[in-house]
Amino acid sequence: VQLQASGGGLVQAGDSLRLSCAASGRTFSSYDMGWFRQAPGNEREFVAAIGWSTSRTYYADSVKGRFTISRDNAKNTAYLQMNSLKTEDTAVYYCAARYRRDPVGPGNYDYWGQGTLVTVSS
């Protein structure tokens, strides 16, 4: 499956931003989708995941209550709605996919898109 992330940009603290991840090549609805991020000088970290059935989601503690992951299987697209952004959310955000498995979570993603840069200024 090929993934294309978009929607990054420069925003101020407290603003909102929505990232999109367009998928092609395989049956999108059979794949769990995840978002990860990597800040300068840091290792890549898990942000959020959504199961292939869409009813299951999983979030990193650092974004819980502020970010929402969703998907539209008809459009082969996953989203990450980011609200109440903080300067520490500044990072390159990557979307990823794995063939469906339980439970939904941060591991074993096989397909990765290019990143989209999110910069949050104070």
Side-chain angles (χ1 to χ4, degrees):
V1 60
Q2 291 80 45
L3 304 173
Q4 179 80 30
S6 62
L10 173 63
V11 298
Q12 292 188 326
D15 286 350
S16 298
L17 202 60
R18 189 177 80 159
L19 306 182
S20 299
C21 177
S24 61
R26 297 291 179 95
T27 307
F28 178 73
S29 60
S30 295
Y31 286 79
D32 299 335
M33 297 298 297
W35 284 96
F36 294 76
R37 66 187 182 185
Q38 187 168 18
N42 290 358
E43 294 187 353
R44 186 172 61 196
E45 65 176 0
F46 169 78
V47 175
I50 186 167
W52 63 277
S53 70
T54 76
S55 62
R56 300 164 298 155
T57 57
Y58 184 85
Y59 296 93
D61 288 343
S62 58
V63 305
K64 202 172 294 184
R66 299 189 298 123
F67 291 10
T68 302
I69 189 170
S70 61
R71 65 190 296 159
D72 185 338
N73 287 343
K75 296 183 177 179
N76 287 359
T77 303
Y79 304 97
L80 184 68
Q81 177 67 43
M82 305 185 293
N83 298 331
S84 303
L85 282 161
K86 304 176 181 180
T87 55
E88 52 262 45
D89 294 319
T90 294
V92 176
Y93 284 71
Y94 299 89
C95 61
R98 68 181 193 188
Y99 191 72
R100 65 192 194 191
R101 66 180 71 191
D102 290 318
V104 64
N108 302 305
Y109 285 82
D110 303 308
Y111 304 95
W112 295 83
Q114 93 298 348
T116 186
L117 176 62
V118 173
T119 304
V120 184
S121 64
S122 59

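Along the sequence shown, residues carry numbers from 1.
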**Message:** Restricting to side-chain contact (heavy atoms from CB on, under 4.5 Å), what partner residues turn up for Ser53, sequence neighbours left out?
**Reply:** Ser55, Arg56

**Asked** Which residue pairs pass the side-chain hydrogen bond (donor to acceptor under 3.5 Å, both in side chains) test when at least one of the two sits in residues 70-83, sequence neighbours left out?
**Response** Ser16-Asn83, Arg71-Asn73, Gln81-Asn83

**Complete:** In this structure, CG of Asp32 is separated from CG of Asn108 (nearest 0.5 Å) by 10.0 Å

**Taking every non-hydrogen atom, the tightest pair across Ala49 and Val104** = CB-CG2, 3.7 Å

**Message:** Donor-acceptor pair, distance only, cut-off 3.5 Å: does the side chain of Thr116 make one with the backbone of Gly8?
**Reply:** yes

**Request:** Name all pairs fulfilling the salt bridge (Lys or Arg N to Asp or Glu O under 4.0 Å) condition that reach into residues 111-120, sequence neighbours left out, sorted by first residue then second.
**Result:** none

**Asked** Is it true that Arg98 and Asp110 make a salt bridge, defined as a side-chain N closer than 4.0 Å to a carboxylate O?
**Response** no

**Request:** Taking the side chain as every heavy atom from C-beta outward, state whether Arg44 and Trp112 have any atom pair closer than 4.5 Å.
**Result:** yes

**Message:** In this structure, is the centre-to-centre distance between the rings of Phe36 and Phe46 below 6.0 Å?
**Reply:** yes

**Request:** Under the salt bridge (charged side-chain N to carboxylate O under 4.0 Å, His left out) rule, collect the residues that match up with Arg66, sequence neighbours excluded.
**Result:** Asp89

**Request:** Provide the closest heavy-atom pair for Ser122 versus Ala13 in the form atom of the first, atom of the second, distance.
**Result:** CA-CB, 4.4 Å

**Prompt:** Nearest 0.5 Å, what's the CD-CD distance between Glu45 and Gln38?
**Reply:** 9.5 Å

**Message:** Using a 4.5 Å cut-off between side-chain heavy atoms of Ile, Leu, Val, Met, Phe, Trp and Tyr, which other residues end up in the same hydrophobic cluster as Tyr111?
**Reply:** Val1, Leu3, Val11, Leu17, Leu19, Phe28, Tyr31, Met33, Trp35, Val47, Ile50, Tyr59, Val63, Phe67, Ile69, Leu80, Met82, Leu85, Tyr93, Tyr99, Val118, Val120

**Item:** Residues that Thr27 engages under side-chain contact (heavy atoms from CB on, under 4.5 Å), provided they are two or more places apart
**Value:** Ser29, Ser30

